[in-house]
There are 2 protein chains.
Amino acid sequence: MPEPERLRADAARNRAAILRATEEMLARHHPRQISMEQVAAAAGVGKGTVFHRFGSRYGLMRALMQERAQDLQIAITTGPPPLGQGAPPRARLLAFLTAVVEVVARNKGLLAALGPEAPVTTAPEQQPREEHPVYRSWHGHISHLVHQQRQDLDADMLAHVLLATLHSEPILNALEHGDANRLDRTLRDVVTGLLPG
Amino acid sequence: MPEPERLRADAARNRAAILRATEEMLARHHPRQISMEQVAAAAGVGKGTVFHRFGSRYGLMRALMQERAQDLQIAITTGPPPLGQGAPPRARLLAFLTAVVEVVARNKGLLAALGPEAPVTTAPEQQPREEHPVYRSWHGHISHLVHQQRQDLDADMLAHVLLATLHSEPILNALEHGDANRLDRTLRDVVTGLLPG
């Protein structure tokens, strides 16, 4: 029998392969068009493994989003500037918004599918979006950076205003047409207008 | 028998009473909590009149929204400045955003209920939000004003960014808690940062 460490390594490798396969499929399809079977085939694992590990397509998308949010969280807490500490608030905010737009653009529709309009499978998903851990973490980071430079602004509301763009149907449709750089540039214009360099 | 003009006047009066009653109920309830029966009772008309005229609760909400959008459209095309013509683009944009926030705040959830997450009763509602006549009219007005003052900005994307706030779940929840002035102030900060006075 394989040793426990070996089993854990296999499980971690399977998990990574499944998430990578999901990410690649999301570059071409809407989350609702992706089946667990397709993911399993693309990842080279059994369909049962995907179901056992993630429960449902919704659980799979959620795990992927959480993994990316974690990567971004690590980058802003312990990574190098300007995403990480050590750069001025404005430079950090611009870098963060670029990173967030890139994550959303790379996975068009994923955030929308994770919202309240997605088929709800478990009770915790019914919480308002502002209480979702990813939304809270992003909102907290943005409002903290805004507050560092301009205490006269409503940093809390401004963070909601900036994040609203990532849940806007017209903007998500524009991202599907490759307009991520347009959104990034416009958010930069908004931020540089509010936080002079 | 009453004359045709009399009948038309009655119909117009009924329609206005139904829309006014709906508006008053929306100040206290989510669109999905409002029944056609309640609206009929509040308006002092028969339930059949409401169904005959608006088809469904969705049709009723849609008619109300269209009526308000028309009022705003009239104000920006033929009304006095700063909402109407004659004021600088920045002043017109600020006045328009205040008016839009007021309309949305006064009818919390109505726009959300008109979005793709609302129960869809007729095919035309399935069009993307950016093709909805109200969204298009608001988007066109905002991008026109931005473009008048700053041709170097992506006026089209910026208009989507500003309008995204009106479909953001966290912001709509904040509006329900009476935070309309916070949203208005933050949108003013964004606009004045981009369009110097």
Side-chain angles (χ1 to χ4, degrees), chain A residues 97 101 111-120 126-132 135-136 138-139 143 146 150 152-177 179-196, chain B residues 97 101 111-120 126-132 135-136 138-139 143 146 150 152-177 179-196:
Chain A
L97 291 174
V101 169
L111 274 174
L114 282 172
E117 57 275 46
V120 172
Q126 289 177 315
Q127 65 191 359
R129 177 170 286 146
E130 62 266 42
E131 287 166 23
H132 189 285
Y135 190 93
R136 285 182 64 178
W138 292 3
H139 178 273
S143 55
V146 169
R150 282 196 60 180
D152 60 315
L153 293 179
D154 186 339
D156 176 76
M157 182 56 80
L158 181 57
H160 284 311
V161 166
L162 293 171
L163 286 175
T165 60
L166 307 178
H167 301 279
S168 152
E169 191 193 352
I171 292 177
L172 290 175
N173 288 344
L175 291 184
E176 285 198 46
H177 293 101
D179 284 347
N181 61 330
R182 289 184 58 203
L183 174 60
D184 184 36
R185 208 165 51 227
T186 298
L187 293 180
R188 293 184 81 86
D189 288 334
V190 168
V191 168
T192 53
L194 289 167
L195 307 181
Chain B
L97 291 174
V101 169
L111 274 175
L114 281 173
E117 57 275 46
V120 172
Q126 290 177 314
Q127 65 192 0
R129 179 170 284 147
E130 62 266 42
E131 287 167 23
H132 189 285
Y135 190 93
R136 285 182 63 175
W138 292 4
H139 178 273
S143 56
V146 169
R150 281 196 60 181
D152 60 316
L153 293 179
D154 187 340
D156 176 75
M157 182 57 79
L158 181 57
H160 284 310
V161 165
L162 293 170
L163 287 175
T165 61
L166 306 178
H167 301 280
S168 152
E169 191 192 353
I171 292 176
L172 290 175
N173 288 344
L175 291 184
E176 284 198 45
H177 294 102
D179 284 348
N181 61 330
R182 290 183 59 203
L183 174 59
D184 183 37
R185 209 166 49 227
T186 298
L187 292 180
R188 293 184 81 85
D189 288 334
V190 168
V191 168
T192 53
L194 289 167
L195 307 181

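Residue numbers begin at 1 in each chain, while the letters A, B, ... track the order of the sequences. None of the values given here were measured: they were computed from a predicted structure.
- In terms of heavy-atom pairs under 4.5 angstrom with chain B, the leader among A/T192, A/L162, A/D156 is A/D156.
- B/R185 touches chain A through its side chain: at least one heavy atom from C-beta onward sits under 4.5 Å away, while N, CA, C and O do not.
- Closest heavy-atom contact between A/H167 and A/L163: CD2-O, 3.5 Å.
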- Test side chain to side chain contact (heavy atoms under 4.5 Å, CB included) on B/R188 and B/L97 and set out the steps. CA-CA 8 Å; B/R188 293 184 81 85; B/L97 291 174; over 6 Å; no

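- Across B/V146 and B/A155, no two heavy atoms sit closer than the pair CG1-CB, 3.8 Å.
- Note on B/D154, B/L153, B/D179: by heavy-atom pairs under 4.5 Å with chain A, the leading option is B/D154.
- With a 4.5 Å cut-off on non-hydrogen atoms, B/L183 touches chain A through its backbone and its side chain both.
- Note: A/L187 CG to A/L166 CG = 7.5 Å, rounded to the nearest 0.5 Å.
- Residue with the most contacts toward chain A among B/L195, B/D189, B/V191, B/D152: B/D189 (heavy-atom pairs, distance under 4.5 Å).
- Between A/A180 and A/L175, the shortest heavy-atom distance links the atoms CA-CD2, 3.4 Å.
- The candidate from A/P196, A/S168, A/G193, A/P170 with the greatest count of non-hydrogen atom pairs under 4.5 Å with chain B is A/P170.
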